[in-house]
Amino acid sequence: MTSLPDIHRLQGTADLLPAESFQWAEAERVIRATMFRFGFGEIRFPVLEPTELFARGTGASTDIVQKEMYTLVDRGGRSLTLRPEGTPSVVRAYLEENLGSQRPVWKLFYLGPMFRAERPQKGRYRQFHQFGAEMIGAASPESDVELIALARTILHDLGLTGLRLQLNSIGSPAARHDHSEKLRAFLRQPDVYAKIDEDCRRRMETNPLRVFDCKNEECIRIMRHAPTIDQFLTAEDQDHFARVRSGLESLGISYELDPRMVRGLDYYTRTTFEFKTDLLGAQDTVCGGGRYDLLVETFGGPATPAVGFASGIERILAAAQEAGASQGTLPRLDVFVGALGDQARALIPSILARLRGLGFSADSDFLGRGLKAQMKEANRLAARLVLIVGDDEITRGQFTLRRMDEGGQAEIPADLAQWNKETFA
RNA sequence: GUGGGUGUAGCUCAGCUGGUUAGAGCACCAGGUUGUGGCCCUGGGGGCCAAGGGUUCAAAUCCCUUCACCCACCCCA
C-alpha cells in the first residue's frame, strides 16, 4: 500500500491529479478572463500574514479568529497565521502600498488557497481555494450591483445555473448592535423564552441573529414577531439598499430578500449577499460578500468605502459537476512516437524535439516495450497520430504515420528537415 | 468541540447468522496477432481483510480500544 506508514495527507486537504487539476486550471482561466472583462486586476499577497491582521480585520468575535485559524510562532517570537480569507490582506496591501493616493478606486481580485482549522465535511476543507474581488474606494449602490453582477457572471461562466441570490442590508455596526440588544430583550420575555429551544437560548447570548436560522418550527413561528434589522436602518442605509435592488432589477438579476441573513464576518456594513445552490448538501453557499465601509479605517487608513465578495472553488466545481456541466477533458496528444529497435529508439529524442518545435504535443514510450504496448499507450493518451519508426522505415527512408481515429496509415519522409505543420495536420 | 456512519486488491464493492488456499467488476501486465491501439478471448501480478488486544478448536466475520475517512451540528467558501 504505502511505504510511508506515518506520513499522510493532512485532514481536509487534497492531492489533485492531472485529470482533476486540469479542471481547476480551466476554472481559473475562466475566472481570470471574466475578472479582466470587468476591469479587475489580480493581486497576489502572502499566504502567511501577521496574526493581528485577521484578529483586527476579520474580527476578534468571529468564529474564524476564535477557533479556526492556523497560527504559529516563528523563530523571532512573532505570531503568524495562514490566511483564512483574503479581504484583510487586500486592505493591508491597499494601505501599505499607498494605493489610495494613486487612484480613487481600486478594483482587485485574488485567487488562491485559504486555511481554516474546521472539522471537514462535504464542501468544507481545511485548505480550500477562493477567488474574490474587492472594489475599494467606491460607495455607490452601483458598485454593489457591479460586484454582484461580476460574481454572478463568473458563476454562470463556470457552468453554474439555478443559483439563488439572497440579499440583505445590515446597516451600520451601531444599527446591528441596537438590533441585537432589542432581539435579546425580545427573546428574554418570559413567554417567548419559555417556547424557544435550548440551542436558541444559547444563541440568544452568543449571536442572537442566529436564532433566525433555527429550524425548530416553534422558534420559526415566534421569530416572525421578532424585530428585524430593517427597522434599525437609517434613511441613508435604506435609500442605498433601495438603489441596489433597483439596480439589480434593471439588470434582470432576480434575488430574494433575506432580512435574517447573517454573515460570519464582523466588517460588513449595509449590503450583504450570498449565492446558494441546492446541489451540495449542508454547505450550500457558493459565494458570499458585501460592503465593508469601515474596514480601511480600522487599520488606521482614511475613511474608504469598499465592497467585495469571495467564492469557493471546491464548492463551485462540485456543484457544476452535480449540475451535469460539461467537464473539459485533457487535451489530446498530437503525435505519439512508437519506436522499435535500438536504432529507432536512438532517434526518439530528435524526433520529439522536431515535433514539439513545430508546435505539436508529442510523447513516446520510454520503457522499450513492444509496438503493441506502445499503441495501447498512444490510445490511452488519445493520440491523434502515431509515428512508427522501425528498422523497415529506417532502411526505406520513410516513416509510417498512422491516423488513430480512422486507422489509415501513410508514409512521411525520414528526413526531419522536410517536415512542416501540414505533415501532421 | 459534539453526534452518526464507514474501514476487505490501485478504484468501486461482495463475502448472510464465525468453518479448509479471501472473491468480482474495472484498472494494470502478458499472450492470442515473432511490427500495429480501441472490441473480444485466455492467463498473470497484486490483499499481515485499517491497527492493537480479547473470545473461540477456528475470526475478514463476534467484543473492546485506537486511528483514519465520510456525513451532520456549530459556522462558513
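Letters go in sequence order (proteins before strands), and every chain restarts at 1.
The base-pairing partner of C16(B), taking Watson-Crick or G-U wobble contacts with both distances under 3.5 Å, does not exist among the strands shown. Nucleotide C11(B): paired with G25(B) (Watson-Crick or G-U wobble, both distances less than 3.5 Å). When both distances must be under 3.5 Å, the Watson-Crick or G-U wobble mate of C62(B) is G54(B). Across the strands present, U36(B) finds no partner; the criterion is a Watson-Crick or G-U wobble pair with both atom distances under 3.5 angstrom. Under the Watson-Crick or G-U wobble criterion, with both distances below 3.5 Å, U6(B) is paired with A68(B).
Remark: Glu52(A) does not engage Arg56(A) in a salt bridge, criterion side-chain N to carboxylate O under 4.0 Å. Between Arg384(A) and Asp405(A) no salt bridge is recorded (no basic side-chain N to carboxylate O distance below 4.0 Å). Taking the charged nitrogens against the carboxylate oxygens, Arg83(A) and Glu85(A) have no contact shorter than 4.0 Å, which rules out a salt bridge.
At a threshold of 4.0 angstrom between heavy atoms, the contacts of Glu85(A) with the nucleic acid are absent. Using a 4.0 Å heavy-atom distance criterion, Gly407(A) is classed as a base contact. Gly338(A) comes within 4.0 angstrom of no nucleic acid atom, judged by non-hydrogen atoms across all strands. Glu118(A) comes within contact range of at least one nucleobase, with a heavy-atom separation under 4.0 Å.
Atom CZ of Phe336(A) is separated from atom C1' of U36(B) by 12 Å (rounded to the nearest Å). Computed from coordinates, the Trp24(A) CH2 to A77(B) C1' distance equals 11 Å when rounded to whole Å. We find that CG of Leu280(A) is positioned 11 Å from P of C71(B), with the value rounded to whole Å. When rounded to the nearest whole Å, the span between CD of Glu377(A) and P of G38(B) equals 13 Å. Regarding Leu333(A), its CG atom lies at a distance of 13 Å from the C1' atom of G37(B), rounded to whole Å. Remark: C1' of C74(B) and CZ of Arg116(A) are 14 Å apart, rounded to the nearest angstrom. Spacing between atom CD of Glu314(A) and atom P of C70(B) amounts to 13 Å, rounded to whole angstrom units. Atom CD of Glu68(A) is separated from atom P of G1(B) by 13 Å (rounded to the nearest Å).
Side chain Gln374(A) to base U36(B): no donor-acceptor pair is found below 3.5 Å. The base of A72(B) has none of its N or O atoms less than 3.5 Å from a complementary donor or acceptor on the side chain of Gln283(A). Put simply, the side chain of Asn379(A) and the base of G37(B) share a donor and an acceptor less than 3.5 Å apart. For G37(B), its base sits under 3.5 Å from the side chain of Arg402(A) at one donor and acceptor pair at least.
Comparing Pro120(A) and Arg315(A) by the nucleotide of RNA chain B that holds the closest heavy atom to each, the one mapping nearer the 5' end is Pro120(A). The 5' end of RNA chain B is approached more closely, in terms of each residue's nearest nucleotide, by Gly281(A) than by the other of Ala310(A) and Gly281(A).
For the P atoms, the distance from G4(B) to G46(B) is 41 Å, rounded to whole Å. Straight-line distance between the C1' atoms of G23(B) and U61(B): roughly 15 Å, to the nearest whole Å. Spacing between U2(B) and C64(B) at atom C1', rounded to whole Å, works out to 22 Å. One C1' atom belongs to U20(B), the other to U65(B), and the distance between them is 31 Å to the nearest Å. Of the P atoms belonging to A50(B) and U42(B), the separation is 32 Å, rounded to the nearest Å. With both ends at atom C1', the span from U66(B) to G10(B) equals 27 Å, rounded to whole Å. Nucleotides G52(B) and A60(B) place their P atoms 13 Å apart, quoted to the nearest Å. For the P atoms, the distance linking A24(B) with G15(B) amounts to 15 Å, nearest Å.
Nearest approach of Val105(A) to Met135(A), heavy atoms of both residues: CG1-CG, 3.7 Å.
Within the structure, every side-chain polar atom (N or O) of Arg124(A) is placed at least 4.0 Å from both OP1 and OP2 of C74(B). Here Gln121(A) reaches the OP1 or OP2 of A72(B): one of its side-chain N or O atoms lies under 4.0 Å away. A sub-4.0 Å separation between OP1 or OP2 of C29(B) and a side-chain N or O of Arg380(A) is present.
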Output one letter per nucleotide in nucleotides 30-35 of chain B: B when a protein non-hydrogen atom lies under 4.0 Å from the base, S when only the sugar-phosphate is that close, - when neither is. S-B--B
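Atom NE2 in His129(A) sits 14.0 Å away from atom CZ in Arg315(A) (nearest 0.5 Å).
Remark: side-chain polar atoms of Trp106(A) are not paired, donor with acceptor, to backbone N or O of Gly137(A) under 3.5 angstrom.
The side chain of Thr285(A) sits closest to A77(B) out of C28(B), U36(B), A77(B).
The residue from Glu68(A), Gln11(A), Glu118(A) that alone fulfils the side chain to side chain donor-acceptor pair (under 3.5 Å) condition with Arg126(A) is Gln11(A).
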Show me the donor-acceptor pairs, under 3.5 Å and distance only, between side chains in residues 346-362 of chain A and residues at least two apart or in other chains.
| from | atom 1 | to | atom 2 | distance (Å) |
| --- | --- | --- | --- | --- |
| Ser350(A) | OG | Leu347(A) | O | 3.0 |
| Arg354(A) | NE | Leu416(A) | O | 2.9 |
| Arg354(A) | NH2 | Trp419(A) | O | 2.6 |
| Arg356(A) | NE | Ala362(A) | O | 3.2 |
| Arg356(A) | NH2 | Ala362(A) | O | 2.8 |
| Ser361(A) | OG | Asp334(A) | N | 2.9 |
| Ser361(A) | OG | Asp334(A) | OD2 | 3.3 |

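Under the side chain to side chain contact (heavy atoms under 4.5 Å, CB included) criterion, Phe131(A) pairs with Ile31(A), Met35(A), Leu111(A), Ile154(A), Leu158(A), Phe309(A), Ser311(A), Ile313(A), Ile316(A), sequence neighbours left out.
Applying the 6.0 Å contact sphere to CD of Glu26(A) captures more than 12 heavy atoms from other residues, nucleotides or ligands.
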